[in-house]
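Numbering of residues begins at 1 and proceeds along the displayed sequence.
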Amino acid sequence: GTQGERPTHPELLDWLAVWGMQHEWSTKELHRLIVTSFTYQQSATVTPDHRRSDPQNLWLSHMSRRRLDGEAVRDAVLSTCGLLSHRMGGPGVRPPQPGSVVAQSFDTPEWQPDVGDNRYRRSLYTFQKRTAPFAMYVTFDAPSGEACVARRDVSNTPLQALTLLNDEMFIEAARELGRQLHAVHGDDTSKITRGMQHVLSRAAAPWELPILLDFVARQRQLFQDDAGMAATLLGGAADEDTTEVAVWTALSRTIFNLDEAVTRN
């Protein structure tokens, strides 16, 4: 074109043009190529050398740091705890969402959350109403279907944190991860380490571990004092494992709520 800056990587564009012809212009193959590349998988950490040699990241010396889209947030959380269904195709499904939202937007027919495998289908398959998109996605800046949007806004609001803590979908995911952590053989440190690795792909930092251990101890005392609260968190009756599973469910909710858990680093 005659306007704008010249491409920063013209040789890469030439290479991609040849690659595209060789792969019959497959968009799926292009996406696979991008996400498996070294450039896409590199860290978002900016070093002094990066600031000096590539302050605007024109040469892609580091990854940009961006919060995941709402659909990706849900899929990432479900995948972390092993609930995400990878079944392909089929009609739209209805994950759970707050009753107050449903009452205002879905009079007839009512929103009946799916059960079983359909409840955990990838967000791509979530049933959408043009004038009333899925509530959790809207909270994380997903647009409605009323207009085409070239690029989404990205916000950081308290409501997003409350959604990660209290939405039924994320409570279910935290319960599942909590059961898995409870089943880990070892002490509290071992279980915390496993939880951090599951969600953040790293161990707890030396300064984080004492904070998390203290949190676990306080939650354990809280649920021991009030077994009913533990049963409520787990959505069922109390049994001999209720207290401990509730403790690790609470920890899972906390880790899911970390900024790092919903940000591409």
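For the pair V216 and L212, the minimum side-chain heavy-atom distance is 4.5 Å or more. Considering only heavy atoms from C-beta on, E176 stays 4.5 Å or farther from S252 through its side chain. At least one side-chain heavy atom of L84 sits less than 4.5 Å from a side-chain heavy atom of R122. In this structure, T163 and F170 have side chains that are in contact, with non-hydrogen atoms separated by less than 4.5 Å. Side-chain contact between S155 and Q160 is present, with heavy atoms from C-beta onward closer than 4.5 Å. Contact annotation: the side chain of F256 approaches that of T80 to within less than 4.5 Å [non-hydrogen atoms, C-beta and beyond]. By the 4.5 Å heavy-atom criterion applied to side chains, F134 and T139 are not counted as neighbours. Counting heavy atoms from C-beta on, the side chains of E172 and M169 never come closer than 4.5 Å.
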Practice item. Step by step, work out the salt bridge (Lys or Arg N to Asp or Glu O under 4.0 Å) result for R253 and D167. Key: CA-CA 11 Å; R253 293 174 71 196; D167 190 286; over 6 Å; no
Practice item. With side chain to side chain contact (heavy atoms under 4.5 Å, CB included) as the test, would you mind laying out the steps for R66 and D69 before giving the verdict? Key: CA-CA 9 Å; R66 179 183 174 87; D69 291 334; 4.2 Å; yes
Review point. After noting the C-alpha distance and the side-chain angles of L16 and L12, does the key distance pass the side chain to side chain contact (heavy atoms under 4.5 Å, CB included) rule?
Key: CA-CA 6 Å; L16 284 172; L12 174 60; 4.1 Å; yes
Exercise for review: Decide side chain to side chain donor-acceptor pair (under 3.5 Å) for R264 and S64; before the verdict, give the C-alpha distance in whole Å, the side-chain angles of both, and the deciding distance to 0.1 Å.
Suggested key: CA-CA 8 Å; R264 184 186 66 186; S64 59; 2.7 Å; yes
Exercise for review: Test side chain to side chain contact (heavy atoms under 4.5 Å, CB included) on T45 and H62 and set out the steps.
Suggested key: CA-CA 7 Å; T45 302; H62 56 274; over 6 Å; no
Exercise for review: Could you give me the CA-CA distance, side-chain angles and deciding distance for L233 and F223, then say whether side chain to side chain contact (heavy atoms under 4.5 Å, CB included) is met?
Suggested key: CA-CA 10 Å; L233 177 60; F223 291 130; 3.8 Å; yes
Exercise for review: Would you please test D188 and R220 for salt bridge (Lys or Arg N to Asp or Glu O under 4.0 Å) and show each step?
Suggested key: CA-CA 11 Å; D188 288 352; R220 181 173 287 123; 3.0 Å; yes
Review point. Passes salt bridge (Lys or Arg N to Asp or Glu O under 4.0 Å), E260 versus R65? Steps please.
Key: CA-CA 10 Å; E260 187 177 348; R65 191 173 187 272; over 6 Å; no
Check your understanding: Could you walk me through whether K191 and D187 pass the salt bridge (Lys or Arg N to Asp or Glu O under 4.0 Å) check?
Key -> CA-CA 7 Å; K191 297 181 180 184; D187 57 10; over 6 Å; no
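Placement of V245 and L222 in two distinct hydrophobic clusters is found when ILVMFWY residues are connected by side-chain heavy-atom separations under 4.5 Å, directly or transitively. There is a path of hydrophobic side-chain contacts, each under 4.5 Å, that joins W248 to I255. Residue W111 is not grouped with residue V138 when hydrophobic side chains (ILVMFWY) are merged at heavy-atom distances under 4.5 angstrom, including chains of intermediate members. Under the 4.5 Å side-chain heavy-atom criterion for Ile, Leu, Val, Met, Phe, Trp and Tyr, M63 and V46 are members of distinct hydrophobic clusters. Under the 4.5 Å side-chain heavy-atom criterion for grouping Ile, Leu, Val, Met, Phe, Trp and Tyr, L200 is connected to F215 within one hydrophobic cluster.
Here CD of E244 is found 10.5 Å from OG1 of T249. Values are rounded to the nearest 0.5 Å. Taking NZ from K28 and CG from L33, the interatomic distance works out to 14.5 Å, rounded to the nearest 0.5 Å. To the nearest 0.5 angstrom, N166 atom CG is 6.0 Å from I171 atom CD1. A distance of 6.0 Å separates CG of N156 from CG of D259, quoted to the nearest 0.5 Å. Atom OG1 of T193 sits about 6.0 Å away from atom CG of L209, to the nearest 0.5 Å. Taken from NE2 in H31 to OG1 in T36, the straight-line distance is 12.0 Å, to the nearest 0.5 Å.
Other residues, nucleotides and ligands contribute over 12 non-hydrogen atoms within 6.0 Å of the CD atom of E146. Few gaps surround CH2 on W25; more than 12 heavy atoms of other groups in view lie less than 6.0 Å from it. Other residues, nucleotides and ligands contribute only 12 or fewer heavy atoms inside 6.0 Å of the CD atom of E24. Counting heavy atoms of neighbouring residues, nucleotides and ligands inside a 6.0 Å radius, atom CZ of R32 does not exceed 12 of them.
Considering only residues two or more places apart in sequence or on other chains, L58 meets the side chain to side chain contact (heavy atoms under 4.5 Å, CB included) condition with T8, D54, Q56.
For the pair G195 and L181, the tightest heavy-atom approach, listed with the atom from each and the gap, is N-CD2, 3.5 Å. Of all heavy-atom pairs spanning D153 and D141, the tightest one is O-CB, 3.1 Å. Taking both residues in full, the closest heavy atoms of R202 and A205 are given as NH1-N, 3.8 Å, listed atom of the first, atom of the second, then distance. Nearest heavy-atom pair, C81 versus Q180, reported as atom, atom and distance to 0.1 Å: O-NE2, 2.7 Å. Residues P143 and R152 come closest through the heavy atom pair CD-NE, 3.4 Å. Contact detail for L83 and A173: the closest heavy-atom pair is CD1-CA, 4.0 Å.
A donor-acceptor contact closer than 3.5 angstrom links the side chains of Y137 and T126. Checking N118 against R94 by side-chain atom types alone, no donor-acceptor pair falls below 3.5 Å. Between the side chains of T263 and R67, no donor-acceptor pair is found at a separation under 3.5 Å.
Under the 3.5 Å distance criterion, the side-chain polar atoms of N257 are left unmatched by any main-chain donor or acceptor of L164. A donor-acceptor pair under 3.5 Å is absent between the side-chain atoms of Q22 and the main chain of A17, judged by distance alone. Proximity of a side-chain donor or acceptor of H23 to a complementary backbone N or O of W19 within less than 3.5 Å is detected. Within the 3.5 Å criterion, the main-chain N or O of S123 finds a donor-acceptor partner in the side chain of D75.
Comment: E168 does not engage R74 in a salt bridge, judged by the lack of any side-chain N to carboxylate O separation of less than 4.0 angstrom.
Relative to the six-membered ring of Y125, R121 meets both conditions, a distance below 6.0 Å and an angle of at most 45° to the axis.
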